[in-house]
Amino acid sequence: MSEGKNYINQEAGLMSWLTSRDHKRIGLLYFYSIGFFFFIGGVLAMLIRTELFRSGNLFDPALYNRFMTYHGVIMVFFVIVPGIPAILGNIIMPLHLGARDVAFPTVNLMSWYCYVGGAILAFWSIFLGGADTGWTFYTPYSINFSGANITAALAAFVAGFSSILTGVNFVATVHKLRCPGMTMKRITLFTWSLYATAILQVLATPVVGITVLLLVMENIFGIGIFDPEMGGDPVLFQHFFWFYSHPAVYIMILPAMGIISELITTFSRKTIFGYTAIAYSSLAIAGVSFLVWGHHMFTSSQSEVAAVVFSVITMLVGVPTAIKTFNWVATLYKGSIQMQSPMLYALGFMFIFTIGGVTGIFLSTIATDIHFHDTYFVVAHFHYVMVGGTLMAIMGGAYYWFPKITGRMFSEPWARMSWVFIFVGFNVTFFPQFVLGAMGMPRRYADYLPAFESLNQISSLGSYMIGTGFLIALYTFVQGAYRGEEAGMNPWGSKTLEWTIPSPPPHENFEEIPTVTAGPYEYR
Amino acid sequence: MAEHHVIPFSTYIKVFSALIGLTFLTVLTAKGMDLSPFNGAVAFIIAACKAGLVMAIFMHLKYDAKSNSMIIFGSFGFVMLLFIFCVLDIYTRIPVESTL
Amino acid sequence: MWWIPTAEAQSFMPPAATQIAENVDTLYGFLLISSLVSFVLLMGSLAYFVNKYRRKTDSDKTAYITHDYRLEFLWSFIPFVIFMICFAWGAKIYLDMRAVPEAALQIHVVAKKWDWEFIYKNGRKITSDVDDEGNKVPATMVIPVNKPAQMIMTSTKVNPADKKDRAVLHSFFVPAFRVKQDIVPGRYTQLSFTPTKEGTFWIFCTEYCGTGHSNMMGRVKVVSEQAFNDWVIGDESGGPKELSLADKGKEIYKTRACIGCHSLNGSKMTGPTWKGLYGSDRVFADGSTGKADDNYLRESVLNSNAKIVKGYQPNQMPAYQGQLTDEDVTAVIEFIKSVK
Amino acid sequence: MSTGKLDKKNGEFAHHFNDAEHEYVSSKEGVWIFLTSEILMFGALFVGYFIYSNLYPEVFEVGSQSTDWRLGFTNTIVLLASSLTMALGIYYCQKNDKKKAVMNLAATVVCGAIFMIVKYFEYSHKIHEGWLPGQWFHGDTQGIENLPLYFSFYFMMTGLHGIHVLAGMGLVTWVAIRANRGEFGPHYYTPVEGVGLFWHLIDLIWIFLFPLLYLV
């Protein structure tokens, strides 16, 4: 390996990127494509909030419903589900394991092309008039024999393949590509969380795959499996759909929790409190998450018995989640805490995620859920978990690994400013929605009673603030990547393996495969 | 690469004969005898036996790393979960009738 | 603004108008307080640690604490117990909520895109109405106070012969009663409540059902038993009336789901308003133009997709071909003529 | 980045593995993990089948009379035979017998083709009778409500399976060509093994489909 060569300047030209099997390059490809979709999804979110700024209709309700649908489809299937595993997981996980690449580099590239294929289908469906089914595609509303519904469902199907392939790759990588001495008890907590996520991706995604495929067939041939007119059961569709889509929530949040574990240890320069508990709680969450999907269906006319069973199991998910949160706080105890911007994101995550978590208990308690179900309370809750949780973690992780990925340092003041806008904006946007939900404002409404107006206006203003925050973050990234100072090998003083190699890493990652003799967080 | 366990030719043939035999058996039980209400269960058990043979010998699971067996049986477990919870809902619903 | 007179949803939680709702509120209060306490504890210790253990020098050494099983057991077990309490409490209220009371007043709820219809056992049917200014008045169900009522609900589509249209999911939600139940086409679902307060409360549709989803509202009017009996008798004594053609059209407008999408006061809904429609100039999606005369209106009622007015979506309205008699269509057109 | 193809037959391996055995074991595990997602995908269909066949027993009883069990039986035997030849293909790779390996792989493809041809006749018969899924059904319902549901399941399950057979045939052809070039030997037959696992899974699914759709 010649001096000064790294994975970025190893080869030049667009084709060298589009055919690259280097996990770091594929991670960057994902970063650009997911970033693009995040931008579109974000613009749609602000359009939604603009419509809801005033009672009455600014946009046609039919158009609003399309905004709402594509905001959901894009943000769920094309941003948050692939987000952390495909970008940061791809780039960082092999480094954490002391491996030269993921187990199947070609499959990794294939999964990106599946993602792109799904993306093209999603766009195509917009040109066919746009689906207005909501991202959940509930039948029978989604059975209307329109091309837009078919392509939108196919987009989810193809993107699902991307997710499965990433999952297969990561499970095999964690099983087989650990460097000498890297026992399962020595892998980083980020890797643990990605491992649990990958299991979910492999086991849950195919079910939604077949479900949306059946939906496509329903729209082409009217096969009737989910169509009450032909004897089908629309509630079974919901069962199948949530069998994936509930674990999908954990596909989104588990890797975020992994990132937070990394950030907390690094910036308090202290070993993690309760490594085993955090690692196993990831697996516990992954396992139990398959048994709780019915809590999305408490009012769906599923039986009372099923509702009660699903409610009690849902409560169990709360326990490992609580364990993680307590362990993070305990890690701070007697640490040496440095308030750099990644740490700010980690603390912001803790704040927001705790609110998201405790409101989750309101929703898993059946009696209160009956009132909150499908109101803005639910909207606020899952944005607190998925956006406040996952996006805060993505941003924290992005700042944290930015010097490793680009070799340069971002501007700290700008990064802090982006944090302020995103954190404050987020709470301003979504906290009022809890109140709106308690008042009874249903979700997916293009228009609402004037009594709800003032809170909606606060919420809309907050959404523009978040938008500003992300623009600042974008500026910080671009400015840092081109103008930033050289970051050096280990700017944060972290102990994990990726910081023992040059920034940016060379194509082969490690000159020589390291041998590990201790756990990942040995701050003594 | 290290030498892998090579399953002898004769084993393949034996397993194949057993599979054919079981196929005849399943047709015989379904069409020749009237085992209702156990028709479905019998057919399913025979199919499971055949599947077990294919996995153990043709797919080399018997001589393979235990982790692969765990992976595949795990997936059957998750299909069962999907089944159990869907059934839990559908068979405990209380039907409501119109009273008009 | 047609909703202002009865905008009940103003406080943090809407007023509780049943015993169940009050029980839910008690549980909600418990959840709110316990989560507030745990949130403050957690964030308080976080803020305290962050403040106290701030990095002082670049060579700070930290304590090497890997785990403490007693502590970890405690903070797994205590939340577990709290969660189980929440579960049991919630499940108890839920099962009470779902139990069907004896001798409940049965009301059939028919949901369709995008309106409610309430049918009483004596055959009385309540649909949306219009007031004198042409503003929509949501369908208002009348029930007696302190008497259990059971909703038997299903979803239908306007034209059963339309192969492309589907009856869809809706959800019946009365915030003041804290009850909600999805309405599934092809079968019946039920929901019951015993209102303890008189007043008028909102019914929202909370399962996304398409373009008119946010306009799909209804009302429950809880009255004294005496008033309820008068209301029922008042209806029965009315007897059949001879209606003018335009009035018959108005009945069709209210009962055949036209009211869900076409306003009479000029406001834009899923479909164009009927105010001043007759004789007006129309611009269609394909750029052509025309006049809204009898033939155009007849065609649009029977096969709405033939000409779509610019700015509106196709495939939103069911075809009424075979659903309305010739006389019905004429009545509707007469009614449209009368809306100026 | 290494350009040029690795000579895997003689022990070369991709740069991120420790040795060829490591690569073999990892690749095989990858295939197994992928198969779990295939199983869950079909599993959901099976779950749907079981639920509906319990809800509407007469639909599935009458519906399954439309299938000819002799054709299904033939296809079962054909697929079992193809599984045997696939396994033997790997066996001869392990024995370094190129000619027999290629022959067995080719036989597998032929069996797949026979399977699809039989399927074609079954499908065209059903299409002819109007026994189509859901809305397209225009055959005789024999007075049974929701009878088209059976055909929805029949076509979805066999159709998805058929697509897998076609994909499997393509993959087996690919490894057969590579085997014919002499790329495999006792020390390197990972692709044959992986494709073999996929092919056996197709067989496995058919083993369950046959009694469900033709016999019950």
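Within every chain, numbering begins at 1; the chains are lettered A, B, ... in the order of the sequence lines, protein sequences first and strands thereafter.
No part of C:S34 comes within reach of chain A, as not one of its non-hydrogen atoms sits under 4.5 angstrom from that chain. Contacts between C:V184 and chain A at a heavy-atom distance below 4.5 Å involve the side chain alone, from C-beta outward. Contacts of C:D165 with chain A are made by backbone atoms alone, with heavy-atom separations under 4.5 Å and no side-chain atom involved. With a 4.5 angstrom heavy-atom cutoff, A:L332 touches chain C via backbone and side-chain atoms both. With a 4.5 Å cut-off on non-hydrogen atoms, A:I355 touches chain C through its backbone and its side chain both. In this structure, the portions of C:T206 lying under 4.5 Å from any heavy atom of chain A include both its backbone and its side chain. For A:Q238, the part lying near chain C is the side chain, with the backbone staying farther off; criterion is any non-hydrogen pair under 4.5 Å. Heavy atoms closer than 4.5 Å to chain A are found nowhere in C:N23, neither backbone nor side chain. Contacts of C:L95 with chain A are made by side-chain atoms alone, with heavy-atom separations under 4.5 Å and no backbone atom involved. If you measure heavy-atom distances from A:M68 to chain C, the contacts under 4.5 Å come from the side chain alone. Only the side chain of C:K157 comes within contact range of chain A, judged by heavy atoms closer than 4.5 Å. Interface remark: C:A167 contributes backbone atoms only to the contact with chain A (heavy atom separation under 4.5 Å). Using a 4.5 Å cut-off between heavy atoms, C:C86 touches chain A through backbone and side chain atoms alike. Contacts between C:F80 and chain A at a heavy-atom distance below 4.5 Å involve backbone atoms as well as side-chain atoms. With a threshold of 4.5 angstrom between heavy atoms, A:S268 approaches chain C through N, CA, C or O but not through any side-chain atom. Looking at A:D227, the atoms closer than 4.5 Å to chain C (heavy atoms on both sides) all sit in the side chain, from C-beta outward. For a residue to count as touching a neighbouring chain, one of its non-hydrogen atoms must lie under 4.5 Å from one of that chain's; by this rule C:S59 touches chain A with the backbone only. Of the two parts of A:F267, only the backbone, made up of N, CA, C and O, holds a non-hydrogen atom closer than 4.5 Å to a non-hydrogen atom of chain C. Heavy atoms closer than 4.5 Å to chain C are found nowhere in A:T136, neither backbone nor side chain. Within the 4.5 angstrom heavy-atom criterion, only side-chain atoms of A:A322, from C-beta onward, approach chain C. Contacts of A:Y138 with chain C are made by side-chain atoms alone, with heavy-atom separations under 4.5 Å and no backbone atom involved.
Within the 4.5 Å cutoff, the side chain of A:I323 has heavy atoms near those of the A:V319 side chain.
A pairwise comparison of heavy atoms in C:S171 and C:D182 identifies OG-OD1, 2.8 Å as the closest pair.
Here C:Y208 and C:H213 bring their ring centres to under 6.0 angstrom of each other. In summary, the aromatic rings of A:Y333 and C:F49 are positioned with their centroids under 6.0 Å apart. In this structure, A:H371 has its ring center no closer than 6.0 Å to that of A:F377. The aromatic ring centres of A:F362 and A:F434 sit 6.0 Å or more apart.
Ranked by heavy-atom pairs under 4.5 Å with chain A, the list C:L42, C:D58, C:T66, C:D25 is led by C:T66. Put simply, of A:F298, A:F145, A:Y141, the one with the most heavy-atom pairs under 4.5 Å next to chain C is A:Y141. With chain A as partner, the option from C:H67, C:M216, C:K180 having the largest number of non-hydrogen pairs under 4.5 angstrom is C:K180. The candidate from C:C205, C:A21, C:S45, C:P79 with the greatest count of non-hydrogen atom pairs under 4.5 Å with chain A is C:C205. Chain A forms more heavy-atom pairs under 4.5 Å with one residue of C:G210, C:A47, C:C209, C:A91 than with any other, namely C:G210.
By the 6.0 Å and 45° rule, A:R443 does not stack over the aromatic ring of A:Y376.
At a threshold of 4.0 Å, the pair C:E72-C:R70 does not count as salt-bridged, since none of the basic side-chain nitrogens sits closer than that to a carboxylate oxygen. The pair C:R98-A:E304 meets the salt-bridge criterion, with a side-chain N (NZ, NE, NH1 or NH2) lying under 4.0 Å from an Asp/Glu carboxylate O. The pair A:D60-A:R66 does not meet the salt-bridge criterion, since no charged nitrogen lies less than 4.0 angstrom from a carboxylate oxygen. A:R444 has no carboxylate O lying under 4.0 Å from a charged side-chain N of C:E207, or vice versa, which leaves the two without a salt bridge.
Relative orientation of the C:F39 and A:F351 rings is perpendicular, given thresholds of 30° and 60° on the angle between their planes.
Note that CE of C:M151 and CG of C:L191 are 7.0 Å apart. Values are rounded to the nearest 0.5 Å.
A:R269 places no side-chain N or O within 3.5 Å of a backbone atom of A:T265 that could act as its donor or acceptor partner.
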